[in-house]
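Order of appearance sets the numbers: ligands from 1, and atoms from 1 within every ligand. If you're wondering where the values come from, they're calculated on a predicted model, not measured in any experiment.
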Amino acid sequence: MTGLGRLAEHSRWGKLRVPAHRASSATLAGAYPFLAPAPCQVGVPIGTDAITGEPFCFDPWSLYAAGRLTNPNVALAGVIGAGKSALAKSLAVRAVAAGRRAYVPGDPKGEWAPVAEALGGVVLRLGPGLPARLNPLDAGASPEGRSGGARVLAAITETLLDRPLRPGERVALDVAVHSAECAGPAQVGTVAAALTDPDPAYALADGTPPADRIADGTELVHALRRLLRGDLAGMFDGPSSVTLDPAAPMVVVDLSALGSDDTAVAVAMTCASAWLESALTTHRTAHRTGPDTAGGRWVIYDEAWRLLRSPALLRRMQAQWKLSRAHGIANLLVLHRLSDLDAVGAGGSETRALAAGLLADCSTRVIYRQESDQLAGIEAALGLTDTERALLPVLPRGCGLWKLPGSSYVAKHRLHAAEAAVYDTDMAMRVTGGGLS
Ligand SMILES: Nc1ncnc2c1ncn2[C@@H]1O[C@H](COP(=O)(O)OP(=O)(O)O)[C@@H](O)[C@H]1O
Ligand SMILES: [Mg+2]
């Protein structure tokens with residue numbers, strides 16, 4: 001070999017003359033963990049890893065059990081039409097195939113009903129003139145006891161009044177719910193009656209003149225009137241028209257008939273989530289006594305940016321979030337952008353802190369296509385590499401950046417033809433010829 005040849009050989013293999021080595025990306029990830037994260041192949045298949053071409057899977061329960069996630073909750077953000085709902089639906093449907101269940105406590109666009117129907121699940125359609133009813137006081141039937149109904153009704157009246165309840169109002173409501181529950185199955189109407197005509201014995205026992213108790217309840221009665229005789233009448237004022245079958249693979253509360261009324265949506269969501277919560281407790285009892293599937297439930301908040309506008313609902317969601325691990329629940333929060341969470345209230349407000357807390361409690365963040373003006377905020381919240389930053393504004397439909405603690409993936413969600421037919425939200429656009437769906 002000539003001197004030049006020897007030099008070339010030397011620079012090619014280095015001093016150790018290590019031969020070239022070929023291996024699968026799975027093996028190489030072990031050898032060079034700093035170059036590629038360990039493949040995510042636990043759980044239901046999502047599609048393909050866009051970098052390695054390998055299958056990409058996700059299952060928050062197994063990843064949590066394996067210590068790769070600090071909690072099972074997921075935040076999913078992306079522009080309209082990026083494929084967020086399609087991903088949420090695949091996560092739910094494929095989890096059901098793996099023996100889990102999925103609950104959608106509020107679907108403002110009415111696009112989940114066909115999914116639940118395809119799976120043999122339950123759809124509850126709430127809206128003016130529709131036959132379905134949810135009694136918010138049903139939550140009292142849970143082992144939480146009477147405070148369950150009182151808490152739900154407090155959240156509802158706060159939403160209706162658009163302010164927190166004063167201490168006197170809170171007591172008046174608590175006592176009224178208790179009196180109504182003692183007299184039989186409590187409903188919004190019987191609680192309103194107990195607020196108008198409070199039991200003087202309870203008032204005196206609390207050291208409150210009965211006239212003051214009536215005064216404390218006045219604005220609550222005005223607020224509840226909306227559920228009894230106002231524009232929301234017929235949906236929450238009476239016994240629930242459905243009992244939840246704990247074995248149902250999917251339960252969807254369709255709120256599309258409520259239109260763009262955010263207060264109505266928030267009230268309905270509060271009732272629906274309380275109703276589902278008591279069902280979750282029932283389910284856990286059934287789980288202990290009989291054979292069951294793998295357990296684990298998705299609770300999916302699609303179009304969550306709309307739901308987050310109600311502080312009372314946010315507070316309830318936060319409480320449920322905290323319980324998620326104990327209940328085997330993985331919450332999925334679907335947003336347009338992470339800054340939706342900043343838009344819920346003024347800087348420093350309780351609402352803003354609650355929304356930030358929800359994101360902090362999502363250890364998986366999936367980012368679909370984002371407008372460039374969002375990048376700085378995402379970078380501050382999640383940390384992005386230069387490549388990830390360049391990628392986010394150009395991600396095609398169905399492609400997302402998945403950030404798990406300590407590892408990032410770019411994954412392409414693959415839809416089965418049967419799924420695509422059921423999930424198609426572009427159809428409405430094609431039929432009506434445009435507009436935002
Ligand atoms: N991974 C994908 N492959 C093919 N089509 C998709 C994929 N994701 C979404 N779509 C289609 O794109 C359209 C918009 O998706 P959708 O999930 O409703 O978007 P978003 O919820 O982000 O607004 C739907 O018709 C859906 O069927
Ligand atoms: Mg959507």
Show the atoms of ligand 1 that are less than 4.0 angstrom away from any heavy atom in I80.
23 (O)

Would K84 count as being in polar contact with ligand 1, using the rule that some N or O on each side must be under 3.5 angstrom apart?
yes

Can you tell me how the ring of W298 sits relative to the ring of W61, calling it parallel under 30°, perpendicular over 60° and tilted otherwise?
perpendicular

Using only atom types and a distance under 3.5 Å, with no angle test, would you say the side chain of N73 pairs donor to acceptor with the backbone of N331?
yes

Identify whether the distance between the nearest side-chain nitrogen and carboxylate oxygen of E169 and R163 falls below 4.0 Å.
yes

The side-chain contact (heavy atoms from CB on, under 4.5 Å) partner of T263 among D162, L258, T159, L232 is T159

How does V79 reach ligand 1, by side chain, by backbone, by both or by neither, if only non-hydrogen atoms under 4.0 Å count?
backbone

Min over V422, I46, L415 of heavy-atom distance to atom 7 (C) of ligand 1 lands on L415

Write out all pairs satisfying side chain to side chain donor-acceptor pair (under 3.5 Å) with one or both partners inside residues 376-385, taking only residues at least two apart or from two chains.
E379-R389

The Mg ion (ligand 2) neighbourhood, protein N/O/S only, threshold under 2.8 Å:
S85 OG

Looking only at distances, please establish whether an N/O atom of ligand 1 is found under 3.5 Å from an N/O atom of L87.
no

Nearest non-hydrogen contact to atom 9 (C) of ligand 1 from the set G78, A420, A86, G400 belongs to A86

Quick one: which residue pairs count as a side chain to side chain donor-acceptor pair (under 3.5 Å) with a foot in residues 221-235, not counting sequence neighbours?
R226-D231, R226-D261

Below 4.0 Å, non-hydrogen atoms only: which portion of R397 touches ligand 1? Side chain, backbone, both or neither.
side chain

Taking all heavy atoms of V122 and all of A248, pick out the closest pair and write down the distance.
CG2-CB, 3.7 Å

Is the shortest N/O to N/O distance between S85 and ligand 1 below 3.5 Å?
yes

Give the numbers and elements of all ligand 1 atoms closer than 4.0 Å to a heavy atom of G398.
1 (N)

Note: E111-K84 ion pair, threshold 4.0 Å (strictly below):
no

For R352, all residues meeting side chain to side chain contact (heavy atoms under 4.5 Å, CB included), sequence neighbours excluded:
D342, S349

Assess whether atom CG of D386 is packed by more than 12 heavy atoms of other residues, nucleotides or ligands within 6.0 Å.
no

